[in-house]
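Notes to accompany the following structure.
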Amino acid sequence: MHGFDDWALTLAVFLPLVGAVVMLVIPGAEEGLHKVVALVTTVATLGIGVAILARYDYGGHQGLQFAPTPKDWISVIHAKYEVGIDGIALPLLLLSMVITLLVVLYSWNHFPEPHNPKAFLILILILEVGMNGTFVAQDLILFFVFFEVVLLPMYFMIGVWGGENRQYAAIKFFLFTLFGSALMILGFLALFFATGAESFSIPFLVQHAQANIDPDVALLIFGGLFMGFAIKVPMFPFHTWLPDAHTQAPTQGSVILAAVLLKLGTYGFIRIAIPILPDAAHTWAPWIGGLAVVGIIYGALGCLAQTDMKRLIAFSSVAHMGYVMLGIATLTDFGINAAVFGMVAHGLITGMLFFVAGSVKDRFHTLDMKRLGGLLLQAPRMGWILGFCCMASLGLPGLAGFWGEFPAILAAYNPAAGLSQPLFRTYMVIASIGTVFAAGYLLWMLQRVAFGTPKEEWDGHAIDDMHWPEYVSWVPLLAGIVALGLIPNLLFKITDPAIQVVTAAIGK
Amino acid sequence: MLAAAFSRPEIDYHAFAPEIVLVGALLLILVVDLLFEDRARWATSTLAGLGLLGALVPILTLAVDGGDRSMFGGAYVVDNFALVLKALFLIGGYLTVLISTDYIGEGDYYEGEYYFMLLSSLLGMLVIASARDLISIFIALETLSIPAYLLAGWRKRDLKGNEASLKYYLLGVFASGVMLYGMSLIFGVTHSTVLTVIGERLAGGGASVPIVTVGILFVIIGFAFKVSAVPFHAWAPDTYEGAPTPITAYLSVASKAAGFVALLSLVFIAFEGRSDVWQPLFWVLSALTMTVGNVIALRQTNVIRLLAYSSVAQAGYMLAPFAVAGHTGVNQAVESVVTYLLVYLAMNIGAFAVVMAVARKTRSGELSSFGGLFEYAPGLTVLTSIFFFALAGIPPLGGWYAKLVIFRTLLDQPTVWSVVLAVLVGVNSAIGLYYYASVARETWMRPVPDEDRTPISVPSSLAAAIGLCAIATLAIGVVPQIVARFAHLAPFGS
């Protein structure tokens, strides 16, 4: 199986591209065939993911795994094709594979207007290439390219298949992210030159950057990386693209955006910014933590002001990503573990919430919570699932959301050596208040959508309960939420050894 | 006595072979057009295309042969730099012929003369890539410009065509005059027209500083007109709009590249020692050009004008390496400009080609006429998006690598000024995305005007040009090494 280990990640990244190319040559009228090809491709990709999971060495091996010898890619600028995964990347890679497959399944009879399954599914597959690639790339230029590959398909997905205000939302998403990544690539190049212009390899830079870069310069470089990643997360005050993009995107787009794309930003912090420039991260941490808690409160207040269900969930993402960033800002092993857990949990839960919102919109053609109500009477199963997801999202112990939120708050009690304890404890208090808000807005949403009696305007309308594509695509997510909630060690066991490597460099 | 003093200089015919093939082709076109008149109209474009491809053959043999060839006391040099750029001009010319074939064939145009002019202009470009002497640079520049003035006005019954030609001509001649004056000052101080000698004498000190400064300034300003740098860009949008579209593509790519090539050899060979003069000048030119070009492009409603301002902005990115070349070294700056030119060739000609393909149906260059293209021409829409997003620099399409090498040059030996310029390039890339994406928005997300969904028929030669450019744009984006290698070879031979 030595051959498989060398090729596994490359296959995981480019298999969806093969599927997309195959679909390109099939005429658009063959809708059934397109669905089958997309399904087969995503299943096969997940199959590789499962094989990786099975062959992954969990026994304390801390370095990169499935990493073949780097190959020359752009030798003139010393960029290489270097891939590999560790405990931080593995869960996110699987998350991306699972979500893509479920989105394809959900699409089976849920193609948004203007329909065109061929183009829609091709875009989903290209998105998967970018997402998987970002999680396995171990070279900054390669990372940058994959990081950007997701932009075009998402732009088209929002802009073509989105809601009424889709053109505005699409270009806003695109411009914000591109602005951030322009500064990010400047940071990458600065890192490259500051370490002797030898390599863009992330492991190489982790070893050599700290010692070779002047601290003041490092602060600036971190600033560039921060802009790129923080806009993607998105952190307050760069979040304004998110509610628009989420609200206008088709259901599938919202799910992928929430479940995976936002994680590219937080992953960038953990993979690149912090391990390469730990001292600069240390100086920046109080500010990041501050923005994170502002995001928690601001996102929560934003939720309370919404009348549109999808927009409410979008703002809740701002708040939840705030917890993730707070965990990262503590720079402790505990906090970053919580952050990675939070990323996966948020992917499952918020992905699920957007699925439900999409199905509600399918049936009622509105997400205006003033007009909704009584979902539990009209479509009881879907209503219960919505309730379950709200509970998971507000951090109910026993479900996955808890293990992202609670340890992040707890980690702020005791941040990394040298960070101001009073400050982080203040953050902790504010973040705890945020959880109360979270319960508030989620239960409020549940109450307005699911409880009560249906409004008169729906009299005589037959509202279907769940269809089979919904069952098929939701059950795995629900199972994941419960499984990770009950046995959080499933994930912590994988992430912890890798995160210890990241935090080992901090404060030295 | 005079006859005795003159001895014929040694001529290396192998080194001249590309130029000779091209001259042969353009004479053949002239003769065929004369003898067969209308019966052979179709043949002229084929002959032009074959001639250009034929001229590539000696370039290959020269490249395989290796070694720098220098003639006429260093005034004419065939090194890797010259070969890479000659290949670029020939390929650019070939693509121009491909996109011209049906446009010129279907309109009421002179056909034989058109290709004759085009090849003459390309001949000037081949020469300028090798010219390392003030006089040969000037002559090459005029050889490539004068046919271009005529080509810009080829739609002679169209008022906009006349305006295009006249504006281009007047400003072009004015720029030549300014440049020539600058050259005469440089000659006056250094007593030589050969670039390497000028370089030594300027760097050696002793030359009058104010005169040298004015001379360098005038020469660079003269070329700033050619490459349409702000504030010397005013001719470009009107000329681009009025000229036949294939010529617009040609001007925005090949002609601009020729300006950059001359700038590279002048600035980096002759003026190398005086970076204190030209670095600040290029910094200002670059910052102004990209910012003004981008901001004005935001407001355009006509695709051709949009591409015109886009090409102004792109020139701004290409000028950026000049602003730091004194610190980072000449080789890296040359490499990044050549890389940019190579990538830009594929994506910009591609962009013009798809616009031409769509305009065959809509008969309009207005952005709104592109509405809903995806509904009746999905393939063409995808290609349009590829080219415009490549120009915006979105991976994995070619343009990102061009931008990356610019960033790389700016950050190699960072100073405050170079970092500020790099951030400006970054911010401008984001601004640029807005108008490049507006084309995608129109084609994918807007309704079809007039509900006219008749499919577009793309003639085979135009389709070939689009296909070649698309393959190149994608391939460069995924495996940038293919252009990086050539650009890496390009710095000047000894």
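Chain naming here is simple, since letters A, B, ... match the order of the sequence lines and numbering starts at 1 in each.
- Only the side chain of B:Trp400 comes within contact range of chain A, judged by heavy atoms closer than 4.5 Å.
- For a residue to count as touching a neighbouring chain, one of its non-hydrogen atoms must lie under 4.5 Å from one of that chain's; by this rule B:Pro396 touches chain A with backbone and side chain alike.
- Of the listed residues (B:His488, B:Lys403, B:Arg408), the one with the most heavy-atom contacts under 4.5 Å to chain A is B:Arg408.
- Residue A:Phe188: no heavy atom, backbone or side chain, is found under 4.5 Å from chain B.
- Using a 4.5 Å cut-off between heavy atoms, B:Leu397 touches chain A through its side chain atoms alone.
- At a 4.5 Å heavy-atom cutoff, the contact between B:Phe389 and chain A is made by side-chain atoms alone.
- Proximity to chain B (any heavy atom under 4.5 Å) is shown, for A:Phe174, by both the backbone and the side chain.
- Between the CG atom of A:Leu191 and the CD1 atom of A:Ile213 there is a distance of 5.0 Å, given to the nearest 0.5 Å.
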Taking it one step at a time, do B:Asp412 and B:Val324 satisfy side chain to side chain contact (heavy atoms under 4.5 Å, CB included)?
CA-CA 9 Å; B:Asp412 193 345; B:Val324 297; over 6 Å; no
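- Neither the backbone nor the side chain of A:Ala194 comes within less than 4.5 Å of any heavy atom in chain B.
- Residue B:Glu335 touches chain A through its side chain alone, counting heavy-atom pairs closer than 4.5 Å.
- Per-residue heavy-atom pair counts under 4.5 Å with chain A were compared for B:Ala487, B:Pro480, B:Gly426, and the maximum is reached by B:Pro480.
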Show your reasoning for whether side chain to side chain contact (heavy atoms under 4.5 Å, CB included) applies to A:Glu82 and A:Val136.
CA-CA 9 Å; A:Glu82 184 173 1; A:Val136 305; over 6 Å; no
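- Here A:Gly159 is the residue among A:Gly159, A:Gly224, A:Ser181 with the most heavy-atom pairs under 4.5 Å with chain B.
- Side-chain atoms of A:Asp139 do not come within 3.5 Å of backbone N or O of A:Tyr81 as any donor-acceptor pair.
- Using a 4.5 Å cut-off between heavy atoms, A:Leu220 does not touch chain B at all.
- A:Met154 contributes atom CE, which lies 4.5 Å from atom CG of A:Leu257 (distance to the nearest 0.5 angstrom).
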Checking A:Ser96 against A:Glu128 for the side-chain hydrogen bond (donor to acceptor under 3.5 Å, both in side chains) test, could you report, in this order, the C-alpha distance in whole Å, the side-chain angles of both residues, the deciding distance, and whether it holds?
CA-CA 7 Å; A:Ser96 150; A:Glu128 188 176 12; 4.9 Å; no
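- In terms of non-hydrogen atom pairs under 4.5 Å with chain A, the most contact-rich of B:Val423, B:Val479, B:Ile394 is B:Ile394.
- At a 4.5 Å heavy-atom cutoff, the contact between A:Leu175 and chain B is made by backbone and side-chain atoms alike.
- When heavy atoms are compared at a cutoff of 4.5 Å, B:Leu411 approaches chain A by way of both its backbone and its side chain.
- Most heavy-atom pairs under 4.5 Å with chain B: of the set A:Ile74, A:Ile185, A:Leu178, A:Val149, this distinction falls to A:Ile74.
- Of the atoms belonging to B:Val478, it is backbone heavy atoms, and not side-chain ones, that fall under 4.5 Å from chain A.
- Heavy atoms of B:Ser385 lying under 4.5 Å from chain A belong exclusively to its side chain.
- For the set A:Leu24, A:Ile77, A:Leu183, the entry with the most heavy-atom pairs within less than 4.5 Å of chain B is A:Ile77.
- Ranked by non-hydrogen atom pairs under 4.5 Å with chain B, the options A:Phe179, A:Tyr155, A:Phe147, A:Phe144 are led by A:Tyr155.
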